[in-house]
Amino acid sequence: MPPVPHRELTDRQIGATVHGMETTQFPLIISVDDHTVEPAGVWQDRLPRKYRDVGPRIVRAPLKEMTFLGGRFKPVMGRPGSDEGPLGDWWVYEDLHRPLTRLDTAVGYARDEVRLEVITYEQMRPGSYDVSARLADMDVNHVQSAVCFPTFPRFCGQTFTEAADKELALLCVRAYNDWMVEEWCGAQARGRLIPLTLIPLWDARLAAQEVRRNAERGVRAVAFSEIPPHLGLPSVHTDDWDPFLAACDETGTVVAMHIGSSSRMPSTSADAPPAVGSTITFANCCFSMVDWLMSGKFERFPNLKVMYAEGQIGWIPYILERADVVWEENRGWGGVADKVHRPPSELFAEHVHGCFFDDAFGLGNLDAIGVGNVLYETDYPHSDSTWPKSREVGEAQMGHLPADVVERIVRGNAIELLGLTAQGLWRA
């Protein structure tokens with residue numbers, strides 16, 4: 001089934017362009033969690049010539065086999081030019097072969113047509129990788145501005161962290177960041193695309209340098225792993241990350257953690273179907289947030305802010321209640337008395353933001369979460385995305401809230417957190 005073109009959408013879905021939208025009913029959306037599918041030339045155009053044959057590059061090849069069970073995604077590439085399976089575009093880098101899949105870019109397809117299959121660039125919606133097409137799809141969806149997480153590097157750059165050649169990996173991280181700032185969020189985007197950069201996770205001091213390098217050109221958000229030990233990295237309970245966290249604290253750079261940024265989606269068994277993990281995706285955010293609240297980092301770095309992309313918000317009230325009880329009654333033996341000196345719920349209110357795209361239950365319990373701690377997202381172009389009906393979903397789920405509260409959730413909190421202009425745009 002081909003992607004749904006704009007002309008087949010209803011008038012209510014289409015709305016108007018950003019310059020002529022009706023804003024009295026629902027504010028223009030600032031989505032804090034969308035995604036970009038990197039064009040084929042991101043690394044080939046930026047790496048030194050000696051690395052182009054070994055750096056990330058696109059190869060068209062068949063899919064030999066692919067499974068996604070127990071939270072583990074395992075594709076096997078066939079021989080280019082052979083007829084071993086359906087053709088797709090694959091990122092090839094060192095010994096990694098990672099295909100583009102329909103789950104990477106599912107918008108415009110009927111839900112029942114979204115399957116685990118490989119695709120080519122020609123088979124995806126152009127807004128996945130092209131700036132002008134992305135802006136057009138944002139117009140359709142009542143979205144003014146958007147933060148975009150990566151695809152091939154994975155949600156916090158794990159691809160480069162796992163690489164053998166760390167000199168090349170560092171160049172790849174910097175090349176991605178240069179592309180993100182200068183091209184994806186460049187002049188053509190007119191301030192509507194908000195940069196999110198990567199760090200070399202394997203070295204906290206290099207990470208701090210990269211945070212500062214990008215902060216100097218206006219970047220206010222950096223991707224990080226929700227549970228670093230799953231990547232073989234230190235936990236946030238150690239001092240290992242302090243150089244990186246100090247850089248974020250000093251520059252006002254938000255630490256953005258997306259579900260799956262630990263390379264391990266929650267599941268229950270090795271044979272559990274993807275639907276199990278999809279239902280409990282919030283679990284990693286839940287575990288991660290408790291780590292941060294009990295780490296003492298928010299007291300050591302008072303300007304530090306973190307956000308959880310695509311984790312939804314309905315689970316937050318209970319976790320805050322339980323964390324406060326544990327802190328109050330068990331901190332003597334719980335290992336936190338010497339570093340967490342305030343109730344975790346207070347630290348949450350000052351330092352943590354939850355992000356959602358479809359969570360009526362969470363919105364019904366907003367008082368227990370905090371109006372200032374909630375951000376809205378559309379998850380374009382993933383299979384969970386509410387595109388092209390993010391406005392309609394928001395209107396339906398936020399209809400009981402006062403207009404000023406809706407304004408804060410849909411755009412005001414993001415403007416403040418990410419240092420955007422009053423009009424909700426990014427400026428370097």
State the [atom1]-[atom2] distance between [X] and [Y], to the nearest 0.5 angstrom.
X      : Y      : atom1 : atom2 : value
Asp89  : Trp91  : CG    : CH2   : 9.5 Å
Tyr109 : Arg115 : OH    : CZ    : 11.5 Å
Arg408 : Leu366 : CZ    : CG    : 9.5 Å
Tyr51  : Arg57  : OH    : CZ    : 14.0 Å
Arg46  : Asp178 : CZ    : CG    : 7.0 Å

Salt bridge [X]-[Y], side-chain N to carboxylate O under 4.0 Å:
X      : Y      : result
Glu250 : Arg212 : yes
Arg331 : Asp338 : no
Lys74  : Glu65  : no
Glu416 : Arg411 : no
Glu210 : Arg205 : no
Arg300 : Asp242 : yes
Asp137 : Arg125 : yes

Check for a donor-acceptor pair, side chain of [X] on one end and backbone N or O of [Y] on the other, with a separation under 3.5 Å.
X      : Y      : value
Glu94  : Ala164 : yes
Trp315 : Gly311 : yes
Asp203 : Leu206 : yes
Asn373 : Val352 : yes
Asn214 : Val219 : no
His351 : Leu304 : yes
Thr279 : Ala275 : yes
Asn177 : Thr197 : no
Gln44  : Pro56  : yes
Glu38  : Thr151 : yes

Q: Evaluate the ring-ring contact (aromatic ring centres under 6.0 Å, His included) criterion for residues Phe298 and Phe348: first the C-alpha distance (whole Å), next the side-chain angles of each, then the deciding distance (0.1 Å), finally the verdict.
A: CA-CA 9 Å; Phe298 293 140; Phe348 171 89; 9.3 Å; no

Kindly give the heavy-atom pair with the smallest separation between [X] and [Y], and that separation in Å.
X      : Y      : value
Gly362 : Ile369 : O-CD1, 3.7 Å
Pro229 : Pro234 : CD-O, 4.1 Å
Leu417 : Met307 : CD2-SD, 4.4 Å
His35  : Pro150 : ND1-O, 4.1 Å
Val181 : Pro195 : CG2-CB, 4.2 Å
Gly354 : Ile316 : CA-CD1, 4.4 Å

Q. Looking at residues at least two apart in the chain, or sitting in another chain, which of them share a salt bridge (charged side-chain N to carboxylate O under 4.0 Å, His left out) with Glu299?
A.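 So Glu299 forms no salt bridge (charged side-chain N to carboxylate O under 4.0 Å, His left out) with any residue.
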
Can you find a side-chain donor-acceptor pair between [X] and [Y] that sits under 3.5 Å?
X      : Y      : result
Asn413 : His353 : no
Thr159 : Arg154 : yes
Ser345 : Asp324 : yes
Asp34  : Thr378 : yes

Taking the six-membered ring for Trp and the single ring otherwise, decide whether the centroids of [X] and [Y] are under 6.0 Å apart.
X      : Y      : result
Phe160 : Tyr93  : yes
Tyr129 : Tyr121 : yes
Phe152 : Trp43  : yes

Q. Under the side-chain contact (heavy atoms from CB on, under 4.5 Å) criterion, do Asp130 and Arg134 qualify, and how do the steps go?
A. CA-CA 6 Å; Asp130 178 80; Arg134 172 61 64 92; over 6 Å; no

(Q) Under the criterion side-chain contact (heavy atoms from CB on, under 4.5 Å), I'd like the reasoning laid out for Leu28 against Val143: C-alpha separation, chi angles, the key distance, then a yes or no. (A) CA-CA 6 Å; Leu28 289 172; Val143 173; over 6 Å; no

Q: Just do the side-chain contact (heavy atoms from CB on, under 4.5 Å) check on Arg192 and Asp139 with the steps written out, would you?
A: CA-CA 11 Å; Arg192 296 180 61 192; Asp139 289 348; 2.9 Å; yes

Q | Distance under 6.0 Å and angle within 45° of ring axis: Lys297 vs Trp292 | A |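 No, Lys297 does not sit over the ring of Trp292.
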
Q: Please test Glu113 against Arg102 for side-chain contact (heavy atoms from CB on, under 4.5 Å), starting from the C-alpha separation and ending with a verdict.
A: CA-CA 9 Å; Glu113 296 292 327; Arg102 177 56 62 210; over 6 Å; no

Q.
Against Trp184, only a single residue in Val42, Leu196, Thr36, Ile194 fulfils side-chain contact (heavy atoms from CB on, under 4.5 Å); can you say which?
A.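 For Trp184, the side-chain contact (heavy atoms from CB on, under 4.5 Å) check succeeds only for Thr36.
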
Q: Report the residue from Asn141, Val410, Asp379 that forms a side-chain contact (heavy atoms from CB on, under 4.5 Å) with Ser390.
A: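 Single pass found, and it is Asn141.
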
Q: Measure up the Phe155 and Phe149 rings against each other and bin them: parallel (under 30°), tilted (30 to 60°), perpendicular (over 60°).
A: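 Rings of Phe155 and Phe149: perpendicular, over 60°.
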
Q: Look at the aromatic rings of Tyr176 and Trp179 and report parallel, tilted or perpendicular, splitting at 30° and 60°.
A: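 Ring orientation, 0 to 90° scale: tilted.
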
Q: Using the side chain to side chain donor-acceptor pair (under 3.5 Å) rule, take Tyr308 and Ser288 through it: C-alpha gap first, then chi angles, then the decisive distance, then the call.
A: CA-CA 9 Å; Tyr308 288 99; Ser288 175; 2.9 Å; yes

**Q.** Over 12 non-hydrogen atoms of neighbours within 6.0 angstrom of CG in Asp404
**A.**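 Correct, the count exceeds 12.
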
Q.
Under the criterion salt bridge (Lys or Arg N to Asp or Glu O under 4.0 Å), I'd like the reasoning laid out for Glu395 against Lys389: C-alpha separation, chi angles, the key distance, then a yes or no.
A. CA-CA 10 Å; Glu395 288 174 334; Lys389 299 185 290 184; over 6 Å; no

Q.
Between Asp104 and Arg98, is the salt bridge (Lys or Arg N to Asp or Glu O under 4.0 Å) condition met? List the steps.
A. CA-CA 12 Å; Asp104 293 329; Arg98 201 281 190 191; 2.6 Å; yes

Q | Pair Phe356-Tyr376, ring-ring contact (aromatic ring centres under 6.0 Å, His included): steps then yes or no | A | CA-CA 5 Å; Phe356 77 100; Tyr376 199 42; 5.2 Å; yes

Q: Could you check Arg217 against Glu182 for salt bridge (Lys or Arg N to Asp or Glu O under 4.0 Å), going step by step and ending with a plain yes or no?
A: CA-CA 10 Å; Arg217 44 186 181 175; Glu182 299 166 5; 3.2 Å; yes

